[in-house]
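All chains are named by letter (A, B, ...) in the order of the sequence lines, taking the proteins before the strands, and each is independently numbered beginning at 1.
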Number of protein chains: 2
Amino acid sequence: MSPRRRYDRGVTTRAESAAATRRALLTSAAELLDEGGLEAVTLRAVGARAGVTRGAPYRHFPDKESLLIAVGTQAWERLGERTRTLRADPELSAAGKLRGALTALIGVGRTQPHLYKVMFSNPPGDPAALARAAEPTQTEFLAIVADLVGERDARRYAALLIGSASGIAGMEVSGQLPHEKWGGVSAEELVDILVGMVAGEHRPA
Amino acid sequence: MSPRRRYDRGVTTRAESAAATRRALLTSAAELLDEGGLEAVTLRAVGARAGVTRGAPYRHFPDKESLLIAVGTQAWERLGERTRTLRADPELSAAGKLRGALTALIGVGRTQPHLYKVMFSNPPGDPAALARAAEPTQTEFLAIVADLVGERDARRYAALLIGSASGIAGMEVSGQLPHEKWGGVSAEELVDILVGMVAGEHRPA
DNA sequence: GTGAAGAGATGACAACGTCATCCGAAATTC
DNA sequence: GAATTTCGGATGACGTTGTCATCTCTTCAC
């Protein structure tokens with residue numbers, strides 16, 4: 001089998017080729033995570049899907065953990081962009097923006113549960129890595145909450161809302177919500193109640 | 001080194017000895033989890049701490065996953081007992097019981113973060129195992145909520161409260177709460193706000 | 001006592017993360 | 001434009017881990 005020429009996946013320069021490989025590793029890892037969960041993400045499998053061998057990832061990430069952190073960070077960035085877009089939408093009310101942002105978070109949990117878990121994980125080597133990655137997104141969120149309840153209570157309620165939503169989504173991910181015992185409530189319904197309560201406490205005095 | 005006689009750890013009968021070994025494996029795993037996180041829980045280490053060799057655990061658990069599930073299940077059972085005790089306490093108001101139960105959950109997150117994560121994990125081989133283990137405890141919880149908000153809304157609010165509390169505790173575990181940006185709010189404060197809102201919505205009409 | 005049963009020890013294997021080393025093409029230098 | 005450096009990727013190897021097959025030896029049933 002003719003060894004496909006290196007530095008040659010449609011791009012010519014070495015730097016570009018390396019960047020392409022890095023991206024391929026990242027998306028390969030994300031795909032494997034989605035399809036088979038954390039246990040399916042092995043450096044060998046990631047490398048194979050990206051078209052390289054097991055040792056190649058070490059040219060782009062110091063170790064496996066760093067690769068997973070990068071995947072989770074990317075997810076937080078996407079969520080941050082989505083939240084920023086919502087905040088900038090002039091058509092939406094403050095409560096609407098809030099609902100949208102929380103729904104987006106829940107959506108990740110529903111459509112990509114394994115990724116969702118990584119986003120809230122604590123890698124042994126750098127337990128705060130994902131927390132750092134989440135910060136910009138949470139700041140965006142904080143701004144939305146401030147618009148709804150005012151600067152004074154914003155921090156408190158933002159922490160409450162994002163914590164609650166992540167927990168509710170987490171329970172759905174864990175399969176603890178859709179039980180009939182709980183009346184088949186969906187995560188969205190619960191968030192609606194929550195937003196309603198928070199907004200209710202801050203109705204025009 | 002004289003090989004310590006088997007079936008002889010202070011007990012005589014084989015059945016009792018086996019049961020003792022099983023308990024030792026369980027507590028060894030829990031200790032290792034507390035001390036060094038999931039990565040520290042290896043069957044070899046668990047066996048060594050329990051005084052047996054790497055293969056012995058397979059006489060008591062089909063695989064490593066089952067051992068971890070057992071550890072998490074035990075934690076849910078303890079939390080369930082604590083919740084039951086709270087519910088039966090005639091000194092406490094409904095809101096007080098609720099606060100106590102949620103605080104107990106948060107306490108696990110704070111004092112045993114790794115165990116907490118296991119309690120909400122989804123083992124690849126049996127993703128719903130911990131959800132099943134959590135059920136009795138949640139039922140207990142549901143009863144407390146029903147006392148506070150009435151049967152009609154109990155399910156909804158119970159799901160809301162347990163989801164929110166678990167998420168808030170989860171954020172604290174992940175190190176996403178104690179940031180100064182969020183005003184240094186504690187998980188307990190957030191739960192207080194939450195309970196206040198729920199109870200507030202159901203004040204005597 | 002004799003046989004069956006089962007807990008534990010031991011050896012082995014495959015898969016994994018990781019490292020040291022080697023290879024070769026691209027970038028850089030003169 | 002030739003020599004040299006740089007560096008992404010391939011390859012071989014090692015230690016650790018989960019797991020299984022096998023063996024040993026104590027306890028239980030009869």
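For the pair B/R49 and B/E35, the salt-bridge criterion is met [side-chain N within less than 4.0 Å of a carboxylate O]. Residues A/R87 and A/D147 are not paired through a salt bridge, judged by the lack of any N-O separation under 4.0 Å between the basic side chain and the carboxylate. Salt-bridge formation is detected for the pair B/E188/B/R110: a Lys NZ or Arg NE/NH1/NH2 atom is positioned less than 4.0 Å from an Asp or Glu carboxylate oxygen.
Of the two residues near DNA chain C, A/E39 and A/G55, the one whose nearest nucleotide lies more 5' is A/E39. Nearest-nucleotide mapping onto DNA chain C: of B/R44 and B/A56, the residue sitting toward the 5' end is B/A56.
You won't find any donor-acceptor pair under 3.5 Å spanning the side chain of B/R59 and the base of C/dG6, going by distance alone. A donor and an acceptor atom never sit less than 3.5 Å apart when one is taken from the side chain of B/R54 and the other from the base of D/dG18.
Atoms CG (A/L32) and P (C/dC16) sit 11 Å apart, rounded to a whole Å. For the pair B/L43 CG and D/dT16 P, the interatomic distance rounds to 16 Å; values are reported in whole Å. Taking atom CG of residue B/D63 and atom C1' of nucleotide D/dT17, one finds them 14 Å apart after rounding to whole Å. Going from atom CG of A/L68 over to atom P of C/dT18 covers 10 Å, rounded to whole Å. C/dC19 atom C1' lies 17 Å from atom NZ of A/K64, rounded to whole Å. Atom CZ of A/F61 is separated from atom P of D/dG9 by 11 Å (rounded to the nearest Å). We find that CG of B/L25 is positioned 10 Å from P of C/dA9, with the value rounded to whole Å.
Residue B/T42 is classed as a sugar-phosphate contact, given heavy-atom separations below 4.0 Å to backbone atoms only. In this structure, B/V41 reaches the sugar-phosphate backbone alone: every heavy-atom distance under 4.0 Å involves primed, P, OP1 or OP2 atoms, never a base.
Of all non-hydrogen atoms in B/I144 and B/K97, the two that sit nearest each other are CG2-CB, 3.9 Å. Shown here for A/P124 and A/E65, the closest heavy-atom pair between the two residues is CD-OE1, 3.4 Å.
Taking only side-chain nitrogens and oxygens, A/S17 never comes nearer than 4.0 Å to OP1 or OP2 of C/dA26. Side-chain N/O atoms of B/H60 include none lying less than 4.0 angstrom from OP1 or OP2 on C/dG6.
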